[in-house]
Number of protein chains: 2
Amino acid sequence: MTGRPTITQLAAELGIAPSTVSRAFTRPNLLKPETVALVQKAAEAAGYVPNHHARALSTGRAGAIGLIVPDIANPFFPPLVRAAQNYASDLGLSVFLADTDEDPNREDRLISRMAPQVEGLIVVSSRLASARIRQIADSQRVAFINRDVPETYRVLLDTSAAIRSALTHLSELGHRRIAYVGGPPQSWANKQRHSAVDNFSKAHALEVTHFSADPGTYEAAKALGDSVAASGVTAVIAFDDVIAHGLMGGFAAAGVDVPKDLSVIGCDDTLATTTFPALSTIAVNVGAAARRAVAALSENPGSTSLTGARIIFEGTLVLRGTTGAVRPTSSPLTLEPELDHPATRRVQTGRGSDS
Amino acid sequence: MTGRPTITQLAAELGIAPSTVSRAFTRPNLLKPETVALVQKAAEAAGYVPNHHARALSTGRAGAIGLIVPDIANPFFPPLVRAAQNYASDLGLSVFLADTDEDPNREDRLISRMAPQVEGLIVVSSRLASARIRQIADSQRVAFINRDVPETYRVLLDTSAAIRSALTHLSELGHRRIAYVGGPPQSWANKQRHSAVDNFSKAHALEVTHFSADPGTYEAAKALGDSVAASGVTAVIAFDDVIAHGLMGGFAAAGVDVPKDLSVIGCDDTLATTTFPALSTIAVNVGAAARRAVAALSENPGSTSLTGARIIFEGTLVLRGTTGAVRPTSSPLTLEPELDHPATRRVQTGRGSDS
DNA sequence: TCTTGTTTTGCAAACGTTTGCAGAGAAAAG
DNA sequence: CTTTTCTCTGCAAACGTTTGCAAAACAAGA
């Protein structure tokens, strides 16, 4: 009828003051237990639910956080938003979700628009320039995931140690020539993985060829399959599982057997068991990262920005079915032969603050 | 310093009334253009952003909608939330996302908790009982997707026509014994697809065996691979692409070739191009459904509930690489032979209001 | 019975907007 | 130069909470 009942209506009905009703919910220990019970019964009966907006206006606390991701359709993100949402829910917070569509401008707009109405923001895999990020972090409560800009609050899923394990493992299997197939070039994770591969290889006399499946899609990776197979490498490390999966699709189409002809290791463990053979990959604790970020936002609700921090969760190598010993004869596969040693295509090796 | 500037502060600074400032944003045509410009400049300079909570409190419009899904990690949902979010954003609405974890109680709680703070709710693939749904629909503005309860506002992705096409196609290829591998039993889509297969088969002398990959996961489906292969069917229609994918995993492990030994057709077109061979499937317009639901919520903002409606978007069969002619000799595959004609396992054929 | 102290409740202001109503000018009409 | 009509702006109340402060009620100590 008259819409949802309000605290004032409840109070009138019970012949008590609105403030008392309010306190029955927010600070019941200040009230006589019987009063609390009375109010609760009436509230229950009337179907009263508190108005978040009024509360937010009064307390200055929004009761919500914002979560911004580049592309929710990428399988890396759903588990993350799930974890964030669950944990936020436990803390009594709702979560606004927004998708930037990989567009930095959209991301920037989204941040400005959401920031004022929430307790804080979680920005995952930001595509913004470092300078802008620092600027934002100065005036907004925002936690970044997988973006490493100094003096911001950031939680990072670090795979470099796991990548080193992966490379030593490959090396023990006899692999000497490996490929790294990168993803979105602006991605911090991509840069990080790229250099992890480079550094280790340099130190251990492995020869690495770089490829880039630029938008990071299955199709892009699949299209790269032939070139990778023909490049003479015997193992490949992919930026993430969807690229690994795409490569495997390309390999299968080209008749290249994994792991007999080529070993492949993915990253993120998003699809691992859904490929055949099951994908060896680097598992990464997105849930922990998400929860850490949520927790950070829920603390110190007063402050206008988060104090800088660099939280790291390390990934771990998990071996499944796509890695094996190098073929007895490591002679090139029978594909249209390219240049003997194709000039190793280097894809941006920048090691700035957000590498 | 003093936090974000407010309308009142802006007004004071400019020596005008708060209402004028407010109108400069909400009804600029009521004001002298110069005044509007003046206010806008000052707002820009001061970094003013309107406070959504205050606005919501004053207008009674929340400026946000809620989106509730059973499991964001299931690849069916991300494109849907993406479409919903994009369209909502165009309409100036934010979106709250929540995940019920397939738990009806959690879903119920979530609905009650979110409903009061939003313009309306979109509930996808609800696992709630029909009676409860009707009850909710009576008092809340909620649009359901893929749940068919009379007198509610619901948009349905109807695949039955496409399933008929799929079956006639299989039939033309010579298939006579097919399997339907179902997903979550409470799912409307599952019941609908189940009966579509049944009805058509009955009418066209196809023999259908039912299986259920109950929680609907890749693993469950993969584990079912052997039984399906051994059941003597020559084609299978899966509830969705992840089940189809799981089955293909199982088949691959068992040495069963797709499509030579067995044809498979998925549903939803969520992974289609990422399998090898590429999965034949039924494409479904989740984006349209999501947009329709958002639009419904944004209309008639005054009303306390949505008027009943049944919007249908039909799926279409898309043939890729997993369907082929039945094998010349349709003799049973060489797996441990089960009973000759395993009693067709029937999985819940209920055709109630939410079938 | 009168203090004094404690617990429980009420009053009223505040949070930042929006909006109906009315007042002030300015323009148009007489 | 009035009167009327319009355009523009201001006043103040309202939205539903929370919360500092003070009043009231009660209990305890004297």
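Letters A, B, ... are given to chains in the order of the sequence lines, protein chains preceding strands, and every chain is numbered from 1.
- Heavy atoms of other residues, nucleotides or ligands lying less than 6.0 angstrom from CD of Glu151(B) number 12 at most.
- No donor-acceptor distance shorter than 3.5 angstrom exists from the side chain of Arg113(A) to the backbone of Ser94(B), with no hydrogens or angles considered.
- Close approach of DNA chain D to chain A, defined as any atom under 4.0 Å from a non-hydrogen atom of the protein, starts and stops at dG16(D) to dG20(D).
- Pairs passing the ring-ring contact (aromatic ring centres under 6.0 Å, His included) check and including a residue from residues 106-135 of chain B, sequence neighbours excluded, do not occur.
- Of the possible polar contacts, one joining the Arg106(A) side chain to the Asp99(A) backbone as a donor-acceptor pair under 3.5 Å is found.
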Side-chain donor-acceptor pairs of residues 13-20 of chain A under 3.5 Å, sequence neighbours excluded:
none

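- When atom types are taken as modelled, the side chain of Arg4(B) and the backbone of Asn51(B) share no donor-acceptor pair closer than 3.5 angstrom.
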List, one per line, each side-chain donor-acceptor pair under 3.5 Å for residues 29-37 of chain B, sequence neighbours excluded.
{"residue": "Thr35(B)", "atom": "OG1", "partner": "Lys32(B)", "partner atom": "O", "Å": "3.4"}

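- Near DNA chain D, meaning a heavy atom under 4.0 Å away, the residues from residues 13-21 of chain A are Ser19(A).
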Mind listing the side-chain donor-acceptor pairs of residues 57-78 of chain B below 3.5 Å, one per line with the distance, residues two or more places apart or on another chain?
{"residue": "Thr59(B)", "atom": "OG1", "partner": "Arg55(B)", "partner atom": "O", "Å": "2.8"}
{"residue": "Thr59(B)", "atom": "OG1", "partner": "Arg61(B)", "partner atom": "N", "Å": "3.1"}
{"residue": "Arg61(B)", "atom": "NE", "partner": "Glu119(B)", "partner atom": "OE2", "Å": "3.0"}
{"residue": "Asp71(B)", "atom": "OD1", "partner": "Arg82(A)", "partner atom": "NE", "Å": "3.2"}
{"residue": "Asp71(B)", "atom": "OD1", "partner": "Arg82(A)", "partner atom": "NH2", "Å": "3.4"}
{"residue": "Asp71(B)", "atom": "OD1", "partner": "Ala73(B)", "partner atom": "N", "Å": "2.9"}
{"residue": "Asn74(B)", "atom": "OD1", "partner": "Phe76(B)", "partner atom": "N", "Å": "2.9"}

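- Stem analysis of DNA chain C (at least three stacked-register Watson-Crick or G-U pairs, each with both distances under 3.5 Å) gives C:1-22 with D:9-30, C:24-30 with D:1-7.
- Within residues 48-64 of chain B, the residues having any heavy atom closer than 4.0 Å to DNA chain D are, in order of number, Leu57(B), Ser58(B).
- Among the heavy atoms of the strands lying under 4.0 Å from Thr6(A) are primed sugar atoms or P, OP1, OP2 only; no base atom is included.
- For Ser139(B), there are no side chain to side chain contact (heavy atoms under 4.5 Å, CB included) partners two or more places apart in sequence or in a different chain.
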Legend entry - Working for side chain to side chain contact (heavy atoms under 4.5 Å, CB included), residues Ile145(B) and Ile122(B): CA-CA 7 Å; Ile145(B) 294 183; Ile122(B) 298 178; 3.8 Å; yes

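- Under the rule for a side chain to side chain contact (heavy atoms under 4.5 Å, CB included), the partners of Ser303(A) that lie at least two apart in sequence or sit in another chain are Arg141(A), Asn300(A).
- No donor-acceptor pair closer than 3.5 Å links the side chain of Gln140(B) to the backbone N or O of Leu121(B).
- Between the side chain of Thr152(A) and the main chain of Val149(A), a donor-acceptor pair closer than 3.5 Å is present.
- Under the 3.5 Å distance criterion, the side-chain polar atoms of Arg154(A) are matched with a main-chain donor or acceptor of Ala309(A).
- The stretch residues 25-38 of chain B comes close to DNA chain C through Thr26(B), Arg27(B), each having a heavy atom under 4.0 Å from the strand.
- Each ring-ring contact (aromatic ring centres under 6.0 Å, His included) pair with one or both residues in residues 8-64 of chain B, not counting sequence neighbours, appears once here: His53(A)-His53(B), Phe25(B)-Tyr48(B).
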